[in-house]
Trainee: 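Following this message is one structure expressed as structure tokens.
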Amino acid sequence: AAGVIQSPRHLIKEKRETATLKCYPIPRHDTVYWYQQGPGQDPQFLISFYEKMQSDKGSIPDRFSAQQFSDYHSELNMSSLELGDSALYFCASSLGGTRASYEQYFGPGTRLTVT
Amino acid sequence: GDSVTQMEGPVTLSEEAFLTINCTYTATGYPSLFWYVQYPGEGLQLLLKATKADDKGSNKGFEATYRKETTSFHLEKGSVQVSDSAVYFCALVNRDDKIIFGKGTRLHILP
């Protein structure tokens with residue numbers, strides 16, 4: 001069965017650079033969530049989209065922005081990168097709305113390293 | 001605020017040992033409770049869930065029972081395998097529809 005696809009899987013950037021992470025949800029899923037997981041930490045919710053509209057916002061820095069496109073894929077844009085942005089970024093998708101209790105299917109993550 | 005507390009790891013067991021990973025929660029109302037597993041280099045996978053008191057979630061030999069009186073959702077497995085080595089996250093979804101994760105427990109199973 002198709003799963004959530006994230007690209008790239010690994011990304012190395014320097015401080016103050018920008019990065020774009022992509023997420024392709026499971027086919028027919030209309031809701032996308034982004035999470036940040038620091039080393040040895042639990043995932044922290046950043047932002048979510050339902051039917052191409054932002055549905056919820058968590059601890060996403062102002063330097064980050066995201067959007068969901070007409071084909072339901074989503075991109076997380078990160079600017080003015082800082083060392084502390086080094087983390088594993090997960091995307092998850094679900095069907096039918098933004099209720100977090102709906103089962104979320106997680107992608108493998110993009111490991112971002114800022115040097 | 002709402003929170004999830006789970007036992008710190010790493011937990012190291014021998015193959016075929018009995019596993020318990022404790023998880024307790026603080027939340028208003030009746031949250032849904034989940035266990036996720038994260039294998040090395042992979043994303044989170046939903047392992048099991050329970051949506052109301054006394055429900056028992058089970059999958060792949062793992063079980064957890066929603067205990068409202070003790071606000072707990074401990075994960076158990078009768079006989080662990082090397083392939084169970086992973087990080088396990090307890091989580092809840094609260095009445096504001098927010099998912100809150102515990103800090104994760106790393107499990108090592110020795111052959």
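Lettering follows sequence order; numbering is per chain, from 1. What you see below is based on every heavy atom in this structure, not just the backbone, and it leaves out hydrogens, waters and symmetry mates.
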Trainee: Could you state whether B/I100 and B/Y30 fall into the same hydrophobic cluster, counting links through intermediate Ile, Leu, Val, Met, Phe, Trp or Tyr residues with side-chain heavy atoms under 4.5 angstrom apart?
Mentor: yes
Trainee: Could you measure the distance from the CD atom of B/Q38 to the CZ atom of A/F90? Nearest 0.5 Å is fine.
Mentor: 4.0 Å
Trainee: For residues A/Y35 and B/F101, determine if any side-chain heavy atom of one lies less than 4.5 Å from a side-chain heavy atom of the other.
Mentor: yes
Trainee: Aromatic ring centroids of A/F106 and B/Y36 under 6.0 Å?
Mentor: yes
Trainee: Under the ring pair (Phe, Tyr, Trp, His ring centres under 6.0 Å) rule, collect the residues that match up with B/F62, sequence neighbours excluded.
Mentor: B/Y88
Trainee: Heavy-atom distance under 4.5 Å to chain B: side chain of A/R111, backbone, both or neither?
Mentor: neither
Trainee: I'd like to know which of A/G109, A/G107, A/G58, A/P108 tops the heavy-atom pair count under 4.5 Å against chain B.
Mentor: A/P108
Trainee: Could you see if B/L19 belongs to whatever hydrophobic cluster contains B/L33? Use Ile, Leu, Val, Met, Phe, Trp, Tyr and a side-chain cutoff under 4.5 Å.
Mentor: yes
Trainee: Spell out, yes or no, whether A/V32 and A/Y24 are grouped together once hydrophobic residues are joined by side-chain heavy atoms under 4.5 Å, including indirect joins.
Mentor: no
Trainee: Please classify the contact between A/Q6 and chain B as side chain, backbone, both or neither, with a heavy-atom cut-off of under 4.5 Å.
Mentor: neither
Trainee: Roughly how far, to the nearest 0.5 Å, is CD of A/Q44 from CD1 of B/I99?
Mentor: 11.5 Å
Trainee: Using a 6.0 Å cut-off, check whether atom CG of A/D71 has over 12 heavy atoms from anything other than its own residue.
Mentor: yes
Trainee: Could you tell me which portion of A/Y105 (side chain, backbone, both or neither) has an atom closer than 4.5 angstrom to a non-hydrogen atom of chain B?
Mentor: neither
Trainee: May I ask whether A/L83 and A/L81 are part of the same hydrophobic cluster, defined by side-chain heavy atoms of I, L, V, M, F, W, Y residues being less than 4.5 angstrom apart, directly or through others?
Mentor: yes
Trainee: Could you state whether B/F73 and B/M7 fall into the same hydrophobic cluster, counting links through intermediate Ile, Leu, Val, Met, Phe, Trp or Tyr residues with side-chain heavy atoms under 4.5 angstrom apart?
Mentor: yes
Trainee: What's the spacing between A/Q37 CD and B/L44 CG if we round to 0.5 Å?
Mentor: 6.0 Å
